[in-house]
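Every number for a ligand or one of its atoms is a count from 1 in the order of the listing. Position 1 is the first residue of the sequence, and the numbers go up from there.
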Amino acid sequence: MATKRTPSFNSHNPATGEIAGTYPIMDAKQVNEVVNHARSAAIKWQQLGFSGRKKVLLAWSALIINRVDQIAALVSLETGKPVGDAKLEVSIAVGHIGWAARHAEEIMRTSYRAPGLLMANMSATVQRSPVGTVGVIGPWNYPIFTPVGSICYALAAGNTVVFKPSEYTPGVGMWLEETFSEVAPFADIFTTITGLGATGGALCTSGIDKLSFTGSTRTAKLVAAACATTMTPVVLECGGKDPVIVASDANLERAVDATMWSAMANAGQSCIGAERVYVDEKVADKFTELAVALAQNIHAGAPGDGNYGPATMPSQIKVIQSHIKSAIKDGGVFAYGGTNSVKAPFVQPVILLDVPEDSAAMREETFGPTIIINKVKNMQEAIELSNASSYGLGANVWSKRQGKRIAAQLACGMVAINSTFSFAAIASVPFGGVKDSGYGRVHGPEGLLEYTYARTVVRTRFNLPLHLLSFKRKVKEEALVVTLTRWLKGRFG
Ligand code: NAD
């Protein structure tokens with residue numbers, strides 16, 4: 001009698017198409033089993049306390065950085081990115097683990113609140129409790145940095161974690177679990193499950209206490225809908241169409257250098273990568289001239305050969321191609337590259353100019369090494385066009401004097417002034433977006449608190465001769481409250 005084989009899938013080296021590994025496709029029953037084990041482990045993990053968890057997390061971060069060559073090679077194999085980029089990604093992720101481990105206690109410390117005049121006999125406190133077991137669903141573009149930005153904060157807060165990596169980078173996801181298990185005091189604190197979209201869907205409805213999703217806006221909507229059926233709260237970190245605003249007083253050399261890197265590095269597959277530039281018309285020609293000169297020294301190639309690698313996901317090539325075509329059809333022009341810059345699996349740099357705002361190339365996330373440069377009359381126009389997007393993830397502003405003023409008017413979650421990507425590497429600040437870019441935050445105190453809930457505890461310190469919350473209440477006590485309220489104009493606090 002033939003035995004039933006566990007279904008599996010392959011991950012690939014995107015530069016060659018060769019198989020990089022084979023992994024099981026876990027079904028809902030298997031996912032539920034893993035989640036149940038993680039639930040059982042949660043109490044013990046909480047009981048370890050902040051200092052116990054800190055020790056484990058710091059040991060994990062040390063182990064990861066000691067094996068940076070091994071993990072960077074694996075990230076490079078599964079994504080196609082240069083090994084140097086993978087090492088930078090690993091280093092930043094390790095910084096987040098250390099920060100979460102060291103700051104969890106202070107962020108979750110019980111806070112004391114003023115009880116207000118009416119309740120002056122009470123003490124009022126707010127405790128922070130871990131939610132229990134957190135599900136993390138990750139993308140492939142930064143397969144270490146992105147999921148670790150949820151995993152380590154959830155763990156530091158006292159939750160156990162079940163992680164479903166992208167089907168393009170399952171090997172990296174397994175490596176994270178394996179290295180954690182080397183430092184873990186017991187099993188089931190952090191587990192990786194593998195599979196395709198349906199495995200992620202099963203995690204959403206498995207009874208986890210919170211889900212942290214990073215990926216496309218399209219999938220985020222499915223995830224939010226699935227989580228709604230079990231009242232599972234979600235953090236959604238989705239795509240973007242990040243603008244770069246360049247004022248006439250900007251340091252153009254630096255602005256061009258950073259913008260081209262932001263747009264092209266990692267083959268343009270960065271959620272916070274520059275996709276559209278709004279440059280003051282007074283300096284626009286110079287900006288374009290410098291960008292074109294720089295592009296001549298940037299090329300795509302296999303790891304070890306290019307400044308950036310292939311498109312990790314073969315289907316993305318079609319999206320990039322269609323955006324380039326619609327940009328030209330809608331009236332844009334090439335400043336560098338052309339339709340023949342796309343030679344799957346590689347896409348050489350493309351710079352487009354004067355693309356109308358209603359073109360798909362300006363509205364939708366391209367996720368490729370292309371950049372559109374549009375002129376604006378002034379900074380007000382740049383702000384309005386930046387904000388006229390359905391996305392609101394990050395933005396970059398280049399100006400010597402107007403950076404803060406412009407940043408304060410942008411409808412997005414993160415702004416870097418005279419820099420790019422930097423907020424992702426600062427562990428103390430929250431990362432996330434608005435509108436189609438999602439909701440909730442990862443990183444920083446706000447990101448850690450996502451994996452906790454507030455428990456209010458009030459306590460009677462002494463008894464008042466009033467019986468407001470009792471059937472013994474007298475009419476004159478009611479009158480006193482009304483008089484007090486009128487007198488204090490509602491200022492009880
Ligand atoms: P994706 O949405 O295709 O997949 C993300 C994850 O969701 C994968 O693990 C996938 O298996 C899983 N999934 C697919 N269908 C599912 C379902 N029905 N239920 C549950 N899970 C499901 O995204 P991707 O292509 O892996 O990643 C690229 C996208 O991620 C881009 O849009 C990028 O901008 C975004 N991203 C955002 C951030 C951020 O922090 N905001 C960071 C990195 C990437």
Side-chain angles (χ1 to χ4, degrees), residues 9 11 14 23 25-26 28 31 78-79 89 92-93 96 135-150 153 162-170 172-173 192-206 208 211-230 232 234-242 266-275 311-317 319-320 364-368 389-394 412-414 421 423-424 430-443 447 450:
F9 69 102
S11 72
Y23 299 87
I25 297 177
M26 294 174 73
V31 172
E78 287 195 325
T79 63
E89 179 186 341
I92 295 171
H96 279 281
V136 175
I137 297 179
W140 45 264
N141 59 337
Y142 290 93
I144 290 273
F145 164 77
T146 297
V148 163
S150 295
Y153 289 84
V162 178
F163 170 43
K164 149 74 180 81
S166 164
E167 52 273 39
Y168 290 92
T169 52
V172 176
T192 295
I193 55 173
T194 55
L196 311 178
T199 306
L203 183 60
C204 295
T205 51
S206 63
I208 43 162
L211 187 97
S212 194
F213 170 84
T214 309
S216 64
T217 304
R218 194 187 61 80
T219 310
K221 290 179 183 176
L222 298 174
V223 163
C227 285
T229 62
T230 44
T232 304
V234 284
V235 175
L236 301 176
E237 294 292 343
C238 315
K241 189 78 186 170
D242 282 12
N266 203 25
Q269 305 168 123
S270 303
C271 55
I272 50 168
E275 295 229 351
T312 306
M313 202 168 55
S315 60
Q316 197 63 25
I317 293 282
V319 177
I320 300 168
E364 296 164 15
E365 186 180 50
T366 307
F367 231 50
S389 169
S390 63
Y391 290 107
L393 193 56
C412 64
M414 301 154 295
F421 274 50
F423 40 71
F431 185 106
V434 295
K435 302 191 268 183
D436 279 357
S437 295
Y439 46 78
R441 291 292 180 266
V442 294
H443 304 174
E450 289 280 1

Any donor-acceptor pair under 3.5 Å linking the side chain of Glu89 with the backbone of Phe145? yes
Is any side-chain heavy atom of Thr219 less than 4.5 Å from a side-chain heavy atom of Phe213? yes
In Å, rounded to the nearest 0.5 Å, how long is the span from OH of Tyr142 to OG of Ser270? 2.5 Å
Check: Pro143 main-chain N/O paired with Thr146 side-chain donor or acceptor under 3.5 Å: no
One line per pair, note the atom names and distance for all nitrogen or oxygen contacts under 3.5 Å between ligand 1 and the protein.
from     : atom 1 : to     : atom 2 : distance (Å)
ligand 1 : 2 (O)  : Ser216 : N      : 2.9
ligand 1 : 2 (O)  : Ser216 : OG     : 2.6
ligand 1 : 2 (O)  : Thr219 : OG1    : 2.7
ligand 1 : 9 (O)  : Gly138 : O      : 2.8
ligand 1 : 9 (O)  : Lys164 : NZ     : 3.1
ligand 1 : 11 (O) : Lys164 : NZ     : 2.8
ligand 1 : 11 (O) : Glu167 : OE1    : 2.5
ligand 1 : 19 (N) : Gly201 : N      : 3.4
ligand 1 : 23 (O) : Ser216 : N      : 3.3
ligand 1 : 25 (O) : Trp140 : NE1    : 2.8
ligand 1 : 26 (O) : Trp140 : NE1    : 3.2
ligand 1 : 30 (O) : Gly215 : O      : 3.3
ligand 1 : 32 (O) : Glu365 : OE1    : 2.7
ligand 1 : 34 (O) : Glu365 : OE2    : 2.6
ligand 1 : 41 (N) : Cys238 : N      : 3.4
ligand 1 : 41 (N) : Cys238 : O      : 2.8

Can you sort out the partners of Glu78 under salt bridge (charged side-chain N to carboxylate O under 4.0 Å, His left out), two or more places apart, ordered by chain and number? none
If you measure from the Lys or Arg side-chain nitrogens to the Asp or Glu carboxylate oxygens, is any gap between Lys241 and Glu365 under 4.0 Å? no
